[in-house]
Amino acid sequence: MFRSVEDVFWDVAVVGGGNAALCAAITAREAGATVVVLEASPRTFRGGNSRHTRNLRAMHDRPDGVLVEYYGEDEYWDDLLRVTGGQTDEHLARMTIRASAGAPAWMAARGVAFQPSLSGTLSLGRTNAFFLGGGKALVNAYFATAERLGVRILYDTEVTAMTLDEGFVRDLKLVSRGFPVTLRARAVIVASGGFQANTSWMRESWGEAADNFIIRGTPYAQGTVLRDLLRQGVAPVGDPTQCHAVAIDARAPKFDGGIVTRLDCVPFSIVVDRDGQRFYDEGEDVWPKRYAIWGRLVAQRPGQIAYSIIDAKAEPLFMPSVFPAIRAGTIDDLACKLGLDPTALQATVATFNAAVVPGVFDSTRLDGCRTETLEPPKTHWARTIDTPPFSGYPLRPGITFTYLGVRVSEQAQVMMNDGRPTTNLWASGEIMAGNILGQGYLAGFGMTIGTVFGRIAGEEAARYARN
Amino acid sequence: MHEINPTVLAEANRVMEICNACRYCEGYCAVFPAMTLHRSFVEADLNHLANLCHNCKACYYACQYAPPHPFGVNVPQTFSLLRDETYRRYAWPCPLARAFERNGTIVSAVTAFVVVAAVVLTATLTAPGVIDRSWIGANAFYRVIPWGVMTGVALVTLGLAVLAITIGGMRFWRESGTVAVTRRAVLSGFHDALTLKNLGGGGQGCNDRDETFSTARRFLHHAMAYGFLACFAATCAAAFEADVMGIPAPYQWFSLPVILGVLGGIGLIIGTSGLVGLKFVTDPAPLAKRLLGVDIALLGLLWLAAVSGMLLLGLRGMSLMPMLLAAHLGLILALFLLLPYSKFVHGLYRTLALIRANIESQ
């Protein structure tokens with residue numbers, strides 16, 4: 001009497017509800033397929049990690065919309081090569097980069113609004129197109145477009161397993177609003193994100209250290225589908241310990257803290273571990289080029305904790321933090337408030353101050369303020385820490401998403417261990433970003449991957465399903 | 001002056017500190033760029049930002065921290081509550097400022113009382129037979145209510161209203177801090193107010209009823225506000241015709257007072273009806289539901305003023321005219337009395353906030 005999703009033999013089933021999933025769903029629907037989107041979270045948290053994003057890195061050879069000047073393929077590839085340290089797939093990467101040129105226009109035509117980058121955004125207006133209202137506005141726009149096009153959307157619907165038979169997906173097992181469902185689709189696109197929110201999986205690679213990680217985004221990224229696919233012979237790609245991780249305020253909530261928990265004070269501070277010792281050059285490069293390594297650096301410290309220490313001079317130099325600075329009139333008092341050994345911290349600050357060579361401070365470029373005969377050095381923005389009040393910010397690793405994923409072809413088709421492509425399975429987004437991101441990260445590139453591969457997957461899946 | 005509710009103020013501070021660390025909404029309106037000029041906020045900053053906000057609600061639907069996220073950021077609701085507190089704080093004189101406490105009820109009650117009083121007084125103070133017959137020709141209205149009474153009451157009440165609103169505006173401006181006022185900022189502030197630029201949402205409109213975008217609220221507010229101004233202009237035109245040209249009311253259909261009045265009335269009716277209608281279908285999540293009565297009461301009063309005016313125009317040749325005149329003028333009197341103690345004050349505070357924002361962004 002009442003038709004349920006189980007009764008429909010869907011052309012395309014999309015697992016996930018974030019940017020990658022929606023780009024795939026919209027593309028498949030526009031190609032004429034019947035499409036169902038399976039979003040694990042409730043409607044109020046729909047969109048996964050995409051809610052927290054704010055821009056997309058797009059190639060352009062002339063000013064384009066909100067993108068100023070130009071950003072060519074070679075420079076884009078160069079940037080990617082540098083942050084990944086060569087751990088990437090040049091063929092897939094260049095294909096993605098080239099396809100990114102068409103992304104902003106495609107997105108705008110489907111309801112995404114852009115804005116010129118205004119303030120505090122790591123100076124990205126040339127390379128990155130910013131979403132008006134950020135990622136959640138983008139997610140809202142895509143869901144509205146998908147609904148208007150007739151895509152069926154199921155919230156509170158978690159795919160628990162897929163029946164994979166010699167590279168052919170027979171059906172999907174889901175739990176939808178508490179009820180078990182077996183769903184049949186001719187083609188399946190997985191865009192269900194990474195496994196960073198799955199603490200026990202993270203512990204497999206990191207050990208107990210994983211307990212001290214903070215997950216910057218959605219708690220729904222459990223990696224259930226990824227694990228299920230890998231168990232059934234899908235080819236993995238990437239290192240299970242690799243991920244996009246940044247150093248964030250340790251007081252951030254365990255999940256979903258997003259952008260406000262990041263701290264931009266590191267270059268203008270000294271950073272010590274829980275024993276009060278410095279461990280890395282805080283001024284190695286401008287923050288936009290370095291912020292992505294600090295997550296890993298803090299993850300490798302005892303207790304996965306570090307402290308950024310500044311004096312009054314540095315206070316106005318960075319974006320305000322959402323959690324208050326921990327302040328004190330002396331280094332001694334600050335150490336006590338932070339739970340550090342006062343003698344150790346005093347010694348570190350004194351040693352640092354003694355090594356500072358006078359120079360002309362310029363927060364906007366690589367200036368001449370550095371240290372001499374100090375290990376590790378601080379090669380830029382080094383100034384003596386002597387003007388009270390002194391402030392400290394506790395830092396922990398904040399994981400954005402994991403890089404271990406499913407191997408895909410240029411057509412976004414998921415590959416099996418034996419090197420053959422699956423018959424009817426495609427992937428997009430974080431679940432396959434590891435094909436291009438072996439390590440490191442480039443701001444806005446996650447959204448680029450999701451959009452490019454989402455469109456490819458949607459088109460391929462629809463074509464397969466309708467033949 | 002009324003002390004701003006500390007809970008409301010603390011919540012405004014809390015959300016602004018979160019927003020200031022995020023800033024994804026900075027392209028939507030003037031509030032977020034103004035917010036980024038600060039690293040921390042004092043009461044005057046928050047009062048300013050709250051009044052700068054046009055309640056378009058785009059920042060609610062775009063917010064990854066909106067409820068049910070634990071951070072629970074709801075900027076439109078928080079600012080609505082703070083704005084209401086500021087209306088009460090700056091209103092003059094202080095005893096009358098308490099009208100903002102139960103504003104919906106008070107505006108409705110005062111309106112009802114004044115209209116009834118106007119009708120009853122007209123009925124009792126006029127000679128027998130005046131109010132139940134038709135009056136045609138020059139000075140017809142003044143045979144029912146003398147010109148001196150009409151004009152005198154209007155000028156006094158309107159004058160007091162303008163004075164009270166001006167003092168409120170000065171209090172707000174002074175407390176927000178001293179700045180160097182430039183002509184350019186004043187002009188652009190007025191421009192932003194008159195065009196409702198901040199209801200443009202950076203091009204796509206606002207979230208009038210839910211997460212979809214529309215320009216309905218902007219259009220309806222224009223209809224209402226410019227309709228209001230047209231009615232005011234109609235009265236001025238009539239005063240000019242009567243006192244300078246020596247041509248007394250009532251005026252012909254194709255006269256300036258009547259044309260302005262009809263256009264104004266239509267604008268007011270469309271605008272107020274539409275805005276009230278929106279209130280019934282809009283998503284309640286980003287609203288301060290407690291304050292709905294404040295808005296609806298004034299919208300209702302304006303609607304009644306316009307409808308009664310149109311009825312009076314249409315039926316002025318009939319024996320219903322005297323009572324319609326009394327009712328219409330009663331409504332206008334209620335409006336004048338309530339201007340400084342109703343939602344109407346948002347116009348001045350928001351315009352001042354826009355001017356200040358334009359100064360600060362220079």
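Numbered from 1 within each chain, the chains take letters A, B, ... in sequence-line order. Below, all heavy atoms of this structure are taken into account, side chains as well, without hydrogens, waters or symmetry copies.
- Among all heavy-atom pairs drawn from B/Cys22 and A/Arg54, the shortest one is O-NH1, 3.7 Å.
- Listed here is the closest heavy atom pair of B/Glu211 and A/Asn140: CB-ND2, 4.5 Å.
- In this structure, chain A has no heavy atom under 4.5 Å from any part of B/Cys19.
- B/Gln204 approaches A/Ala113 most closely through the heavy-atom pair OE1-CB, 3.7 Å.
- At least one donor-acceptor pair under 3.5 Å links the side chain of B/Tyr24 to the backbone N or O of A/His52.
- Between chain B and the residues A/Gly111, A/Gly47, A/Gly257, A/Ala141, the largest count of heavy-atom pairs under 4.5 Å involves A/Gly257.
- For residues 40-57 of chain B, an interface with chain A (any heavy-atom pair closer than 4.5 Å) does not exist.
- Residues A/Ser321 and B/Ala21 come closest through the heavy atom pair C-CB, 4.4 Å.
- Put simply, the side chain of B/Tyr28 does not reach to within 4.5 Å of the side chain of A/Gln115, judged on heavy atoms.
- Here the OG1-CD distance, from A/Thr218 to B/Gln64, works out to 12.5 Å after rounding to the nearest 0.5 Å.
- Across A/Ala144, A/Pro316, A/Gly135, the residue that shares the most heavy-atom pairs under 4.5 angstrom with chain B is A/Pro316.
- In this structure, chain A has a heavy atom under 4.5 Å from the side chain of B/Tyr65, while its backbone stays farther away.
- Between A/Asp256 and B/His69, the shortest heavy-atom contact is O-NE2, 2.8 Å.
- With A/Pro320 as reference, B/Arg23 is the one residue of B/Arg23, B/Glu17, B/His38 to meet the side-chain contact (heavy atoms from CB on, under 4.5 Å) rule.
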